[in-house]
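Take a look at the structure set out below.
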Amino acid sequence: MRTSTGSGNIPDVTERSQPFSFYEQDTILVAKNLLGCVLVHLDGDHTTAGRIVETEAYLRTDPAAHSFHGKTRSNSVLFGPAGHAHVFFVYGMYWCMNVVTGREGSEGAVLLRALEPLEGIPVMRERRRTRDIRLLCSGPGRLTRALAITGEFNGVPLTSGSLRIRPPDRTATPGPEGEGEIVQTTRVGISKAQEMPYRFYLKGNANVSRK
DNA sequence: GTACTGATTTTCT
DNA sequence: GAAAATCAGTACC
């Protein structure tokens, strides 16, 4: 429902988004609650969005967390208020996106690992150079590329502005095989510390990065 | 289907 | 100088 009489390219400011209080909870809880929410990049005619189907939690007290060894230039956002994006560069090629959680200066972050593409799929296909829907956003480096999320979004609030997370579109309706239930398992790609069961994904979803 | 490897660059030690 | 919360391509079964 757009009321603008202008060009039509103005981002819809009525776009619902999760409030800061959503993120100011226990990191593990936020990681689970983010499943089913929708990550939206409002970008005029190139708006892209996807349903979050896979996340990982990183606690401040965890040796695998980027914030564990203290504040540095690249991780300073993790030490700020919850509900903001932390975007970081890995392996010389890829961007990954965290959501800052917990109370200011105390908690951790949730890594977004996979989305189910919802809007702007043609644009995603161009950016990702693949046609397979399942490969568009099924990985932390893939989803940032599909939604054109780069370091310029580091530190932005997710409650307003062009990058947002909105509540689930549909209520979870677990299928006959338990499809849509939350599966809890170990994290991926951890090279420090031992893997912890802080990875969550929606059972049976074709877009998760690993089963 | 699984397994291994190279790409590529920022950041901190 | 080494490491890094990854991915795509190749080889092989």
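Sequence lines set the chain letters: A, B, ... in the order given, protein chains first and strands last, and positions in each chain run from 1. Just so you know, these numbers use all the heavy atoms, side chains as well, and skip hydrogens, waters and symmetry mates. None of these values were measured; they are calculated from a predicted model.
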Examine A:His66 together with A:Tyr58 and report whether their ring centres are nearer than 6.0 Å.
no

Its dot-bracket string being built from Watson-Crick and G-U pairs below 3.5 Å, with | for another strand and [ ] for crossing, DNA chain C has the pattern ||||.|||||||.

Checking A:Arg131, A:Met124, A:Arg145, A:Arg142 against A:Leu136 for side chain to side chain contact (heavy atoms under 4.5 Å, CB included), the one that qualifies is A:Met124

Besides A:Val100, the hydrophobic cluster formed by Ile, Leu, Val, Met, Phe, Trp and Tyr side chains linked at under 4.5 Å, directly or via other members, contains A:Val77, A:Leu78, A:Phe79

| field | Note, A:Val99 side chain near A:Leu158 side chain (heavy atom, < 4.5 Å) | value | yes

Residue set satisfying salt bridge (charged side-chain N to carboxylate O under 4.0 Å, His left out) with A:Arg134, at least two apart, ordered chain then number -> A:Asp132

Footprint ends on DNA chain B, 5' to 3', for atoms under 4.0 angstrom from a heavy atom of chain A, come out as B:dA7 to B:dC12

Note to self: Please tell me whether A:Arg166 and A:Ser17 have a donor and an acceptor in their side chains that are separated by less than 3.5 angstrom.
What the structure shows: no

Q. Does some side-chain heavy atom of A:Thr55 sit less than 4.5 Å from a side-chain heavy atom of A:Arg199?
A. no

Rounded to whole Å, CG of A:Asn154 lies from P of C:dA5 at a distance of 16 Å

From CD1 of A:Ile190 across to P of C:dA5 the rounded distance in Å is 7 Å

By salt bridge (charged side-chain N to carboxylate O under 4.0 Å, His left out), A:Glu126 pairs with (sequence neighbours left out) none

Reading nucleotides 7-13 of chain C from 5' to 3' and marking B where a protein heavy atom lies under 4.0 Å of the base, S where only the sugar-phosphate is that close, and - otherwise, the string is SS-----

Residues 84-94 of chain A vs side-chain hydrogen bond (donor to acceptor under 3.5 Å, both in side chains), sequence neighbours excluded, gives A:His86-A:Asn98

Sorted by chain and residue number, the side chain to side chain donor-acceptor pair (under 3.5 Å) partners of A:Asp62 (sequence neighbours excluded) come out as A:Arg187

Query raised in the report: Got a donor-acceptor contact below 3.5 angstrom from the A:His41 side chain to the A:Thr48 backbone?
Result: no

Sequence neighbours excluded, the answer for side-chain contact (heavy atoms from CB on, under 4.5 Å) partners of A:Leu29 is A:Gln25, A:Asp26, A:Asn33

For the backbone of A:Cys37 and the side chain of A:Arg51, can you confirm whether one donor and one acceptor N or O come within less than 3.5 Å of each other?
no

Residues in residues 69-80 of chain A with a heavy atom under 4.0 Å of DNA chain B, by number, are A:Thr72, A:Arg73, A:Ser74

Practice prompt. Spell out, yes or no, whether A:Leu111 and A:Leu163 are grouped together once hydrophobic residues are joined by side-chain heavy atoms under 4.5 Å, including indirect joins.
Written response: no

Atom pairs and distances, side-chain donor-acceptor, residues 148-155 of chain A, under 3.5 Å, sequence neighbours left out:
unit_1	atom_1	unit_2	atom_2	d
A:Thr150	OG1	A:Glu152	OE2	3.3
A:Asn154	OD1	A:Val87	N	3.0

Here the residues of residues 53-68 of chain A within 4.0 Å heavy-atom distance, strictly under, of DNA chain B are none

